[in-house]
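These notes are about the structure you will find just below.
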Protein chains: 2
Amino acid sequence: MADTINNLSRKLAPAQPLPSRVASILSQEISSGRLKPGDRLPTEHQIAESLGISRNVVREAIAQLRADGLVRARQGAGAFVMAPEERLAIRLDPTDLENIQGMEGLFELRALLEGEAARLAAMRRTDDDLAEISAALEDMRGDEKWSEGSIEADLVFHRAIARATGNAYIHTFVCFICDQIRRSIHMARYANQIEQLVEVNVGEHVVILDALKAGDPEAARVAMVNHITEAGRRIGVIFRNEQSNAAEGIAAS
Amino acid sequence: MADTINNLSRKLAPAQPLPSRVASILSQEISSGRLKPGDRLPTEHQIAESLGISRNVVREAIAQLRADGLVRARQGAGAFVMAPEERLAIRLDPTDLENIQGMEGLFELRALLEGEAARLAAMRRTDDDLAEISAALEDMRGDEKWSEGSIEADLVFHRAIARATGNAYIHTFVCFICDQIRRSIHMARYANQIEQLVEVNVGEHVVILDALKAGDPEAARVAMVNHITEAGRRIGVIFRNEQSNAAEGIAAS
DNA sequence: TGTCGTAGGGTTGTAGGACAAATTTGATTG
DNA sequence: CAATCAAATTTGTCCTACAACCCTACGACA
């Protein structure tokens, strides 16, 4: 056990703070299965000594894992790995999103969620919501500087629609997923050949906004699913079944 | 500032560990808007002194917030609240789910997600998936002891469908939301008058399974949305717009 | 006057020790 | 053999100290 941890510790870049690195080590031990649910972690003393750090740092690391419901510490007994179903938080592994295959699943989920969000928004949006969404669209086409302001405006557009559903949970989840995708795109530097496609992208957003204005739920949903599918395809995501969601919607219209 | 924190500290039950309680306090300060993105938190010394605890505890609390991307600590400068879009994890506030109104939103989200998951599962499920789903259904109706085994089998049923989509992200999110709901129901002790409704509940599951067997995506989705809507209504959730999702699906069938 | 460098105080990061509280284990005793 | 108690183990909390770093303000120099 101590050997395993020691080996892993050498693989880490000394960039981020120490407690976070220790938390990553332990988290990997768990997700890789070397520590199974119900197992007891090494004592804080052991971890501290085997990594050559103070117990204080170890405690901060375990505090992070505890916050996620990954482990549960019982005074006098030890810290135990919890079952996956007991987790209190969702945290996506960034490494899963570095390849295109990993992105496919996230885009599929995003299309589902945002498509339905657009449908609800079409039924419930207030005039204030519409104003905010329209403003974001203006920012998108107005700014020529695609790199910064326009991408941000794009996100504001999507978030505003999610908020217009009136459902705080939908808003939270949509924000989360969108940002995961944005971060991945930034890191993977996919955003190269996109610049000349601004008109296409803006055009897709216009269709969504029109459907929202008209209060047409199904049209809004189809437009959103189509937009997200195309956006994914633009950065190279290949969908396994031609996004039956959009196909159905179009066929039914 | 110190006064605000002091007041909040009195409201907390002394049940859970100290660092978690401090993290909750700070987290509430942020989500309530008293601490806005970009603001600097009080120094660790100030927090420790104003709550009458050691700096160590404060540091563990901040470590939890840092893990979620809620705050970002810079050595020598301080800890700063991050923008909501930068969050690294989703964690639902349990207090939001203690009332029925809070549950409505979560059930709506669940119906969306699981409905679409059932649709995808109908297209992609393997025979192994079907076997697992069927087995869960048998466990549900077999065990007479509703309180324990049957509830767990119910969850297994839903998780198996989510896994049958072949999309790990959908599976993760569905598991997370289902468990939030289960935990809330347990805590709120709603699970009283449900016992006599086992046949109804099982019946709804049978409809879902039949649609999955038949490979009928739209029927699976409608059955799932209907089931979740009814399940919510059984524990007292009132949906604001008669769950247009189900209505549409039925009308279109 | 303006600009640069530096010194100082303040803040987080890490280390290490001490004791309390709780649990587990094992030994002792009836 | 069973119950009880004592000791060792482990986490929880507190304390002090210092290093690393940030920010500001003051002063030296051009």
Side-chain angles (χ1 to χ4, degrees), chain A residues 1-2 5-6 9-10 12-27 29-30 35 37-82, chain B residues 1-2 5-6 9 12-27 29-30 35 38-82:
Chain A
M1 172 51 60
I5 290 182
N6 245 326
S9 72
R10 296 201 190 91
L12 289 177
Q16 36 184 346
L18 244 165
S20 298
R21 278 187 283 163
V22 177
S24 291
I25 293 173
L26 296 173
S27 168
E29 293 284 319
I30 293 173
L35 283 174
D39 285 359
R40 213 195 65 177
L41 269 63
T43 71
E44 295 174 352
H45 270 115
Q46 288 173 348
I47 297 176
E49 194 172 4
S50 90
L51 293 179
I53 58 182
S54 94
R55 190 164 82 100
N56 238 325
V57 174
V58 176
R59 283 194 60 78
E60 282 190 38
I62 291 182
Q64 296 182 19
L65 302 184
R66 220 179 26 194
D68 290 356
L70 216 66
V71 307
R72 174 185 190 79
R74 279 166 42 211
Q75 184 174 184
F80 299 85
V81 180
M82 292 185 71
Chain B
M1 171 53 59
I5 290 181
N6 246 326
S9 71
L12 288 178
Q16 38 183 344
L18 208 55
S20 298
R21 278 187 283 164
V22 177
S24 291
I25 292 174
L26 296 173
S27 168
E29 293 284 318
I30 293 173
L35 284 174
D39 285 358
R40 211 195 69 177
L41 268 63
T43 71
E44 295 174 352
H45 268 295
Q46 289 172 347
I47 297 177
E49 195 171 3
S50 88
L51 292 179
I53 57 182
S54 92
R55 190 161 83 97
N56 230 320
V57 174
V58 177
R59 283 193 60 77
E60 283 190 36
I62 291 181
Q64 296 183 15
L65 302 184
R66 219 178 29 195
D68 291 355
L70 216 66
V71 306
R72 174 186 190 78
R74 281 164 42 212
Q75 185 174 188
F80 298 86
V81 180
M82 293 186 70

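In the text below, chain A, chain B and the rest are named by the order of the sequence lines, each starting its count at 1.
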Any donor-acceptor pair under 3.5 Å between the side chain of A:Arg21 and the base of C:dT14?
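In this structure, the two groups form no donor-acceptor pair.
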
Do the side chain of A:Arg55 and the base of D:dG12 come within less than 3.5 angstrom through a donor-acceptor pair of N or O atoms?
yes

Please determine whether a side-chain nitrogen or oxygen atom of [X] lies at a distance below 4.0 Å from atom OP1 or OP2 of [N].
| X | N | answer |
| --- | --- | --- |
| B:Ser54 | D:dC14 | yes |
| A:Arg66 | D:dG12 | yes |
| A:Arg74 | C:dA22 | no |

Rounded to the Å, how far apart are [X] [atom1] and [N] [atom2]?
| X | N | atom1 | atom2 | answer |
| --- | --- | --- | --- | --- |
| B:Ile62 | C:dT14 | CD1 | P | 13 Å |
| B:Glu44 | D:dC15 | CD | C1' | 15 Å |
| A:Glu49 | C:dT14 | CD | P | 19 Å |
| A:Phe80 | D:dT10 | CZ | P | 11 Å |
| A:Arg59 | C:dT14 | CZ | P | 16 Å |
| A:Leu41 | D:dG12 | CG | P | 12 Å |

Checking side chain to side chain contact (heavy atoms under 4.5 Å, CB included) between A:Val81 and each of A:Leu65, A:Leu70, A:Ile30, which is the one that passes?
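Among the candidates, only A:Ile30 passes.
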
So if I take every side-chain heavy atom of [X] and compare against [options], which nucleotide ends up nearest?
| X | options | answer |
| --- | --- | --- |
| B:Arg40 | C:dT11, C:dA15, D:dA17 | C:dT11 |
| A:Ala73 | D:dG12, C:dG13, C:dT24 | D:dG12 |
| B:Gln75 | D:dA17, D:dG12, D:dC21 | D:dC21 |
| A:Leu18 | C:dT14, D:dT11, D:dC14 | C:dT14 |

Could you walk me through whether A:Val57 and A:Glu60 satisfy the side chain to side chain contact (heavy atoms under 4.5 Å, CB included) test, starting with their C-alpha distance in whole Å, then the side-chain angles of each, then the deciding distance to 0.1 Å, before giving a yes or no?
CA-CA 5 Å; A:Val57 174; A:Glu60 282 190 38; 5.8 Å; no

With side chains defined as the heavy atoms from C-beta onward, is the minimum distance between A:Arg59 and A:Ile62 less than 4.5 Å?
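Result no, sub-4.5 Å side-chain heavy-atom pair not found.
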
Is any side-chain heavy atom of A:Ile47 closer than 4.5 Å to a side-chain heavy atom of A:Leu26?
yes

Let me know, please, whether A:Ile53 or B:Ala79 comes out on the 5' side of the other along DNA chain C by nearest nucleotide.
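Upstream on the strand: B:Ala79.
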
Closer to the 5' end of DNA chain C via nearest nucleotide, is it B:Asn56 or B:His45?
B:His45

When rounded to the nearest 0.5 Å, the distance separating CZ of B:Arg55 from CD of B:Glu44 is 5.0 Å

